[in-house]
Amino acid sequence: SDRAKREALIKALGTSGSIGGLAVAVELAGFSAYILAAKASAIVPFVGGQTLVSLLAVLTSWWVVLPAVFFGGKWRV
């Protein structure tokens with residue numbers, strides 16, 4: 001049952017756009033996604049580790065994802 005819910009969530013958010021897919025990926029990866037973002041800061045110029053991890057946390061929070069999924073579907077052309 002839990003697996004079916006997870007797969008349905010992945011399908012719903014994965015098809016809604018990149019921010020939904022990012023949120024699902026971070027949710028499934030857990031803390032390792034934030035570790036990867038901190039390590040990626042060595043590759044991405046002009047961005048510090050704390051900034052990149054904070055940006056990832058904000059972009060994948062439900063305060064951002066739900067309005068983006070809801071209003072993003074209304075603004076599609």
Side-chain angles (χ1 to χ4, degrees):
S1 173
D2 195 34
R3 184 180 175 119
K5 289 179 186 177
R6 181 179 289 174
E7 289 177 4
L9 179 67
I10 291 171
K11 286 181 183 178
L13 288 176
T15 58
S16 65
S18 60
I19 195 165
L22 177 65
V24 169
V26 170
E27 179 68 29
L28 293 177
F31 189 67
S32 62
Y34 297 102
I35 298 294
L36 182 63
K39 288 184 179 183
S41 67
I43 299 169
V44 179
F46 308 115
V47 178
Q50 290 179 337
T51 304
L52 201 55
V53 170
S54 296
L55 181 65
L56 181 65
V58 168
L59 286 178
T60 58
S61 71
W62 67 274
W63 288 99
V64 173
V65 172
L66 289 181
V69 169
F70 180 74
F71 292 116
K74 294 185 180 283
W75 292 335
R76 286 188 185 166
V77 176

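For the numbers below, each heavy atom of this structure counts, side chains included, while hydrogens, waters and symmetry mates do not. In this chain, numbering begins with 1 at the start of the sequence shown. Predicted model only: the values in this text are computed from it and were never measured.
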Undergrad: Does Tyr34 reach the side chain of Val26, with side-chain heavy atoms less than 4.5 Å apart?
TA: yes
Undergrad: Which pair of non-hydrogen atoms, one from Val64 and one from Leu59, has the smallest distance, and what is that distance?
TA: CG1-O, 4.0 Å
Undergrad: Show me the donor-acceptor pairs, under 3.5 Å and distance only, between side chains in residues 43-56 and residues at least two apart or in other chains.
TA:
{"from": "Ser54", "atom 1": "OG", "to": "Gln50", "atom 2": "O", "distance (Å)": "2.8"}

